[in-house]
Undergrad: 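Okay, handing you the structure first.
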2 protein chains.
Amino acid sequence: MVKKSGPLRTAKIDIRDVASRAGVSIATVSRVMNHVPTVDAVLSARVWEAVEELDYLPNTQARALVSGKSRLLGLIVSEITNPFFPELIQEFERAAVKWGYEILLGSTNYEAKTMELCARRMLERKVDGVAIMTFGIDDFLLDRFEADNVPVVFIDPAPARPLSSFLAVDYYAGIHEGVEHLVGLGHKSIGFISGPRRLRSAATRKATFLESLRVAGLKAEPAFIVEGNHTLDGGRDAMQKLLALRKQPTAIMCSNDMTAIGVQHALFEANLKVPDDFSLIGFDDIHLAEYTIPPLTTVRMSCEDIAQKAVENLLSRLRGDAGGVAAASLVMTRLIVRQTTGKPKRAVRGAAASSTKSKKR
Amino acid sequence: MVKKSGPLRTAKIDIRDVASRAGVSIATVSRVMNHVPTVDAVLSARVWEAVEELDYLPNTQARALVSGKSRLLGLIVSEITNPFFPELIQEFERAAVKWGYEILLGSTNYEAKTMELCARRMLERKVDGVAIMTFGIDDFLLDRFEADNVPVVFIDPAPARPLSSFLAVDYYAGIHEGVEHLVGLGHKSIGFISGPRRLRSAATRKATFLESLRVAGLKAEPAFIVEGNHTLDGGRDAMQKLLALRKQPTAIMCSNDMTAIGVQHALFEANLKVPDDFSLIGFDDIHLAEYTIPPLTTVRMSCEDIAQKAVENLLSRLRGDAGGVAAASLVMTRLIVRQTTGKPKRAVRGAAASSTKSKKR
DNA sequence: CGGTAAACCGTAAACGTTTACCAAGAAGCA
DNA sequence: TGCTTCTTGGTAAACGTTTACGGTTTACCG
């Protein structure tokens with residue numbers, strides 16, 4: 001507010017300006033700014049006053065250069081354009097700032113080349129830790145992180161390495177619940193649209209689905225398992241493949257919600273109804289899932305949970321709590337029943353029309 | 001690849017290591033890394049070789065500290081969770097990396113306090129320029145950017161200031177096209193669901209809508225103009241308000257696509273059909289718009305265009321091409337007709353059922 | 001009242017680059 | 001051959017912080 005501090009110099013003000021205005025040394029200013037407790041209260045007050053008056057902002061790069069800590073956390077995701085990730089990013093950032101960290105974002109678009117670029121940026125900007133929320137990473141990149149002593153956390157099991165750790169997701173709970181729900185409704189042939197092959201978590205989801213089928217006493221029809229890529233287009237295309245089949249499943253589970261929305265669209269174009277003609281279950285429970293028409297039954301995986309656990313994991317290792325290699329934290333999943341699941345057509349006995357109306361929330 | 005370089009030192013390698021391995025001075029290494037042309041080809045080759053062998057990555061913060069350029073562009077958006085922004089961000093980043101820049105992301109969530117924090121981060125990290133793609137910013141923050149000599153670009157007209165500039169969006173073209181389309185179908189009372197009041201671009205969209213109505217010879221019914229907030233929930237709530245009205249519009253235009261999707265949901269819940277009971281037009285044309293059920297008629301505003309123009313604007317001013325205050329570049333909008341618009345119920349003469357089927361793409 | 005310990009603060013040396021300036025060698029010209 | 005002019009590489013001084021170290025003051029105890 002005080003403007004008398006001079007002729008509004010265009011030159012940026014630094015710690016020396018603050019020091020001289022407060023009548024102390026730069027070391028003291030630094031200590032005050034870093035909340036070092038051993039500085040006298042009156043000096044501290046003078047410093048803060050000077051900081052206010054001069055609108056002083058410390059230079060992050062100088063700080064990072066000498067201290068060796070950037071207070072930056074890297075976050076590498078698959079595709080920022082898939083709504084699941086913005087939700088994740090938001091939570092991750094929230095968790096990070098709570099501890100005084102900022103985030104550096106990277107999006108791989110499922111390309112190894114881009115992943116390498118992202119990793120390189122993270123290294124160059126000297127992030128203190130990295131969360132990798134997409135497919136696996138080449139070993140030589142992990143070597144680099146290790147060489148620079150930066151901890152890494154993955155989603156889903158990753159190769160055991162000195163500085164890397166992972167978050168375990170209990171896919172089984174939710175997915176199993178999903179097929180049980182379908183079986184309970186009378187479905188006997190259930191299709192699955194997977195994610196991109198390279199994405200580890202997608203592979204796990206598919207394997208878990210297969211396992212659930214087995215447990216439920218159904219056997220998998222290979223033709224009903226088709227590969228998607230976690231996008232709207234991929235879901236649409238995959239469903240079209242399924243529709244081209246002679247014999248078709250009566251229900252479809254999808255590796256993520258975007259795929260399911262693509263499926264809904266394919267069905268709409270084919271003039272088919274959900275859940276009358278096909279039952280549909282997604283995965284992730286993005287906010288949008290509540291808003292599709294009809295609202296999507298899906299498996300919820302809390303991205304808040306994931307984000308929090310990821311940064312906690314990273315930070316605890318930064319504090320030297322070590323351990324870390326094994327992941328203690330388990331992320332839960334569970335089924336959210338909305339309106340894309342119903343009895344299969346062929347199984348319908350009497351009350352055919354009423355199945356659409358069951359608005360479970 | 002070559003591992004003989006020593007016992008895999010955990011210490012990070014710096015420019016000195018490269019220099020000594022290549023048998024040159026650090027100045028030469030620096031020159032090589034920065035592609036300064038006056039360095040001898042054979043030395044240059046030796047340096048690159050050493051860089052390869054040592055996996056050397058320059059320290060960005062040291063670089064930035066001394067050169068005064070961070071090669072970082074700030075991007076402040078409203079809400080990362082609104083799919084329009086990820087698409088924007090992706091394009092912005094693409095454009096930035098093309099010129100060797102990286103981006104620092106900030107999301108305000110429509111809160112002035114958060115905006116201030118974002119701006120502060122940008123300043124601290126010493127971004128070379130900032131694009132502000134959300135509501136206006138407090139003057140004192142602009143002062144800070146000016147004091148630090150960092151150029152700013154806004155979307156939509158902003159106060160004229162030495163270092164700030166803006167992108168002009170031709171809202172009128174698309175929105176006018178939208179109401180003309182509706183009028184052509186026979187609609188006479190058209191409602192509008194706006195964005196958050198504080199968002200300048202939202203205010204402009206609403207004003208433009210009103211202007212288009214006037215031009216079309218219709219008069220605005222105040223009760224049909226309701227405030228949303230550019231989210232799914234906001235759209236749903238706003239539509240519920242409209243549905244509670246005694247007399248209702250036959251068509252609704254929305255300030256963005258998320259709002260329109262919320263509206264579709266509200267209509268679905270009320271067991272009303274689009275476009276039979278209500279025609280609906282969105283704004284933005286996010287990728288998802290093609291996938292709603294039915295697919296959304298909307299006004300396209302190319303975020304690729306916006307992103308490219310924003311970084312070009314920033315970079316040209318960084319290069320000192322100056323000028324800049326006035327925005328030469330105009331971003332166009334145009335209507336994309338899909339399946340949420342049709343004749344109003346009351347105006348339907350004979351072929352009522354067929355209107356749904358007109359699949360224009 | 002003298003001496004020791006504790007509490008604070010300032011000086012200066014890092015941190016890893018870029019870059020202005022200078023020196024040395026090569027090449028061209030008389 | 002000797003002098004000038006390029007060319008090219010190296011030396012060293014920044015950049016804005018943090019922090020180890022040492023020095024000065026104050027407090028406390030005998």
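This is a predicted model, so every value here is computed, not measured. Proteins get letters first, then strands, A, B, ... in listed order; numbering begins at 1 in each.
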Undergrad: Kindly write out the residues that satisfy salt bridge (charged side-chain N to carboxylate O under 4.0 Å, His left out) with B:Asp156, not counting sequence neighbours, or none if the list is empty.
TA: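 Per chain and number, B:Asp156 pairs via salt bridge (charged side-chain N to carboxylate O under 4.0 Å, His left out) with no residue.
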
Undergrad: Applying salt bridge (charged side-chain N to carboxylate O under 4.0 Å, His left out), can you list everything that pairs with A:Arg144, at least two apart in sequence or on another chain?
TA: B:Asp55

Undergrad: Considering only heavy atoms from C-beta outward, does the side chain of A:Ile155 approach that of A:Phe166 to under 4.5 Å?
TA: no

Undergrad: Is there side-chain contact between B:Tyr101 and B:Leu318, with heavy atoms separated by less than 4.5 Å?
TA: yes

Undergrad: Can you list everything that forms a side-chain hydrogen bond (donor to acceptor under 3.5 Å, both in side chains) with A:Arg198? Sequence neighbours excluded, please.
TA: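 Testing A:Arg198 for side-chain hydrogen bond (donor to acceptor under 3.5 Å, both in side chains), a comparison that skips the adjacent residues, returns none.
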
Undergrad: Under 4.0 Å, heavy atom to any atom of DNA chain D: which of residues 59-69 of chain B qualify?
TA: B:Leu65, B:Val66

Undergrad: Quick check on the helix from C:dC1-D:dG30 to C:dA30-D:dT1: what's the angle between its two end axes, five base pairs per end, to the nearest 10°?
TA: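 Helix axis angle between the two ends: 50°.
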
Undergrad: Is there a donor-acceptor contact under 3.5 Å linking the side chains of A:Asn109 and A:Thr114?
TA: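 There is no such pair (donor and acceptor under 3.5 Å, judged by atom type) between the side chains of A:Asn109 and A:Thr114.
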
Undergrad: Going by the side chain to side chain contact (heavy atoms under 4.5 Å, CB included) test, name the single residue among A:Asn313, A:Leu314, A:Leu142 that passes it with A:Val152.
TA: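 Between A:Val152 and the candidates, side chain to side chain contact (heavy atoms under 4.5 Å, CB included) is satisfied uniquely by A:Leu142.
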
Undergrad: Could you list the residues that satisfy side chain to side chain contact (heavy atoms under 4.5 Å, CB included) with A:Glu304, not counting sequence neighbours?
TA: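 With sequence neighbours excluded, A:Glu304 shows a side chain to side chain contact (heavy atoms under 4.5 Å, CB included) to A:Glu91, A:Ser302, A:Gln308, given in chain and number order.
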
Undergrad: Under a criterion of less than 4.0 angstrom to any heavy atom of chain B, what are the 5'-terminal and 3'-terminal contacting nucleotides of DNA chain D?
TA: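 Contact boundaries, 5' end first: D:dT8 to D:dG16.
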
Undergrad: List for me each residue that meets side chain to side chain contact (heavy atoms under 4.5 Å, CB included) alongside B:Ile80, sequence neighbours excluded, and say none if there are none.
TA: A:Pro86, A:Ile89, A:Gln90, B:Ile89, B:Leu105, B:Ser107

Undergrad: Is a side-chain N or O of B:Asn59 found less than 3.5 angstrom from the main chain of B:Ala62, in a donor-acceptor match?
TA: yes

Undergrad: Enumerate the residues from residues 118-129 of chain B whose closest heavy atom to DNA chain C is under 4.0 Å, giving them by residue number; use none for an empty result.
TA: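 Heavy-atom cutoff 4.0 Å gives no residues at all.
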
Undergrad: If the sugar-phosphate is the primed atoms plus P, OP1 and OP2 and the base is the rest, what is the B/S/- string for nucleotides 6-11 of chain C, using protein heavy atoms under 4.0 Å?
TA: --SBBB

Undergrad: With sequence neighbours left out, what residues match A:Glu87 under salt bridge (charged side-chain N to carboxylate O under 4.0 Å, His left out)?
TA: none

Undergrad: Side chains of B:Phe92 and B:Val311: does their closest heavy-atom pair fall under 4.5 Å?
TA: yes

Undergrad: Is the side chain of A:Asp138 donor-acceptor paired with the backbone N or O of A:Phe140 at a distance under 3.5 Å, no angle test?
TA: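 No; zero donor-acceptor contacts below 3.5 Å.
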
Undergrad: Extract all donor-acceptor atom pairs below 3.5 Å that involve side chains of residues 66-76 of chain A and protein atoms in other chains or at least two apart in sequence.
TA:
| unit_1 | atom_1 | unit_2 | atom_2 | d |
| --- | --- | --- | --- | --- |
| A:Ser67 | OG | A:Arg63 | O | 2.9 |
| A:Ser67 | OG | A:Lys69 | N | 3.2 |
| A:Ser67 | OG | A:Lys69 | O | 3.3 |
| A:Ser70 | OG | A:Leu72 | N | 3.3 |
| A:Ser70 | OG | A:Lys126 | O | 2.6 |
| A:Ser70 | OG | A:Asp128 | OD1 | 3.4 |
| A:Arg71 | NE | A:Gly100 | O | 3.1 |
| A:Arg71 | NH2 | A:Trp99 | O | 3.1 |

Undergrad: Quick one: does B:Met33's side chain get under 4.5 Å of B:Pro58's, heavy atoms only?
TA: yes

